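See structure below.
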Amino acid sequence: QPEIKKSLKSAIRKSLNIIRSAVRKGAASVTTNPEKRRKGVGLVVYKNGSGGQVNIYTPFYLSNSTGRGLFILRWLEEGTKEGIDRNGRKHGATPAKPFFNAAVSSSLGKAEEALSDNILQSIEKVASKRK
């Protein structure tokens with residue numbers, strides 16, 4: 001039913017926000033740009049309400065950079081190797097600075113507790129509306 005699915009998705013989103021904020025704090029250790037921390041961490045709740053994910057794989061363009069270049073936090077997480085781009089210019093390697101897994105594992109317990117509490121609250125909310 002639509003209201004049950006909507007409340008379940010809301011409960012999942014609330015618990016995933018805990019993980020997203022922890023990942024953003026972890027990203028502060030590798031970048032000082034607040035736009036990179038804010039836009040670089042994505043949160044998705046599945047349409048059917050079965051779950052969701054927090055990721056750092058979403059590419060985005062920086063608004064305040066002079067070149068308006070593409071940026072992905074994954075490049076800082078996993079590092080890059082030396083190479084040559086399409087225009088023949090060389091670029092250096094970026095050393096890996098892993099922060100994502102540490103941030104997720106540190107906040108996972110809190111998120112799980114919040115998820116169970118949020119689901120119970122959303123069920124009670126829907127039940128009270130139906131009375």
Side-chain angles (χ1 to χ4, degrees):
Q1 305 219 350
E3 64 257 0
I4 294 173
K5 187 189 288 188
K6 184 178 178 182
S7 64
L8 183 62
K9 286 168 63 173
S10 173
I12 292 170
R13 187 175 294 106
K14 285 178 186 176
S15 63
L16 286 178
N17 275 331
I18 295 170
I19 296 174
R20 181 171 64 175
S21 65
V23 171
R24 284 179 175 169
K25 287 178 185 174
S29 66
V30 294
T31 181
T32 57
N33 188 338
E35 185 181 15
K36 289 179 182 179
R37 292 192 305 261
R38 184 177 49 83
K39 286 185 176 180
V41 182
L43 182 137
V44 177
V45 177
Y46 304 140
K47 284 184 180 181
N48 61 3
S50 65
Q53 66 179 350
V54 175
N55 61 45
I56 56 171
Y57 294 98
T58 307
F60 64 93
Y61 288 91
L62 297 173
S63 62
N64 59 358
S65 66
T66 56
R68 293 185 183 256
L70 184 68
F71 186 81
I72 302 176
L73 272 177
R74 175 180 52 91
W75 295 337
L76 297 176
E77 168 76 16
E78 298 172 358
T80 61
K81 58 184 178 180
E82 229 175 278
I84 299 174
D85 65 5
R86 288 185 229 157
N87 299 325
R89 293 179 294 207
K90 292 183 180 179
H91 61 83
T94 303
K97 300 174 186 171
F99 65 92
F100 183 76
N101 289 332
V104 169
S105 62
S106 69
S107 63
L108 196 57
K110 261 190 198 178
E112 288 174 348
E113 289 175 14
L115 179 62
S116 62
D117 294 341
N118 290 335
I119 288 175
L120 290 175
Q121 287 175 358
S122 65
I123 290 172
E124 290 173 0
K125 186 177 177 181
V126 170
S128 68
K129 284 183 179 179
R130 290 190 172 192
K131 287 184 179 180

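Along the sequence shown, residues carry numbers from 1. Bear in mind the structure is a predicted one, so any value in this text is a computation, not a measurement.
- Side-chain N or O atoms of Arg74 include none that pairs as donor or acceptor with a backbone N or O of Ile56 at under 3.5 Å.
- Going from atom NZ of Lys81 over to atom NE2 of His91 covers 9.5 Å, rounded to the nearest 0.5 Å.
- One N or O on the side chain of Ser7 and one on the backbone of Glu3 form a donor-acceptor pair closer than 3.5 Å.
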Checking Gln53 against Tyr46 for the side chain to side chain contact (heavy atoms under 4.5 Å, CB included) test, could you report, in this order, the C-alpha distance in whole Å, the side-chain angles of both residues, the deciding distance, and whether it holds? CA-CA 8 Å; Gln53 66 179 350; Tyr46 304 140; 4.1 Å; yes

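- Taking Glu124 as the reference, nothing meets the side chain to side chain contact (heavy atoms under 4.5 Å, CB included) condition, with sequence neighbours excluded.
- Closest approach of Ser29 and Phe99 over heavy atoms only: OG-CB, 4.3 Å.
- To the nearest 0.5 Å, the span separating CG on Asn55 from CZ on Arg20 amounts to 10.5 Å.
- Considering CH2 of Trp75 and OG1 of Thr31, their distance stands at 12.5 Å, rounded to 0.5 Å.
- When every heavy atom of Glu82 is checked against every heavy atom of Ala93, the shortest pair comes out as N-CB, 3.7 Å.
- With hydrophobic clusters built from ILVMFWY side chains whose heavy atoms lie under 4.5 angstrom apart, Phe60 does not share a cluster with Val44.
- Remark: Leu8 engages Ile12, Ile119 in a side chain to side chain contact (heavy atoms under 4.5 Å, CB included) (not counting sequence neighbours).
- Residues Lys14 and Ser10 have side chains in contact (heavy-atom distance under 4.5 Å, counting atoms from C-beta outward).
- Once rounded to the nearest 0.5 Å, the distance linking CD1 of Ile123 with OG of Ser128 reads 12.0 Å.
- In this structure, Val45 and Leu16 approach most closely via the heavy-atom pair CG2-CD1, 4.4 Å.
- The line from CG of Asp85 to NZ of Lys90 is 12.0 Å long, rounded to the nearest 0.5 Å.
- Here the closest heavy-atom approach between residue Glu78 and residue Tyr57 is recorded as OE2-OH, 3.2 Å.
- Under the 3.5 Å distance criterion, the side-chain polar atoms of Thr80 are matched with a main-chain donor or acceptor of Thr94.
- Taking NZ of Lys25 as the start and CZ of Arg37 as the end, the distance is 11.5 Å to the nearest 0.5 Å.
- With no hydrogens or angles considered, a side-chain donor-acceptor pair links Asn48 and Ser50 at under 3.5 Å.
- Residues Leu115 and Ile18 do not share a hydrophobic cluster, clusters being chains of Ile/Leu/Val/Met/Phe/Trp/Tyr side chains in contact below 4.5 Å.
- Judged purely by atom type and a 3.5 angstrom limit, Asn87 has no side-chain atom pairing as donor or acceptor with the backbone of Arg89.
- Contact of the Leu73 side chain with the Leu76 side chain is registered, since non-hydrogen atoms from C-beta on lie closer than 4.5 Å.
- Ala22 and Ala103 get closest at one heavy-atom pair: O-CB, 3.5 Å.
- A single hydrophobic cluster is not seen to contain both Leu120 and Val126; linkage of ILVMFWY side chains at heavy-atom distances under 4.5 Å, directly or through other members, places them apart.
- Between Glu35 and Arg38 there is a side-chain heavy-atom pair separated by less than 4.5 Å.
- Between Arg13 and Asn17 the shortest side-chain heavy-atom distance falls below 4.5 Å.
- One N or O on the side chain of Glu77 and one on the backbone of Phe100 form a donor-acceptor pair closer than 3.5 Å.
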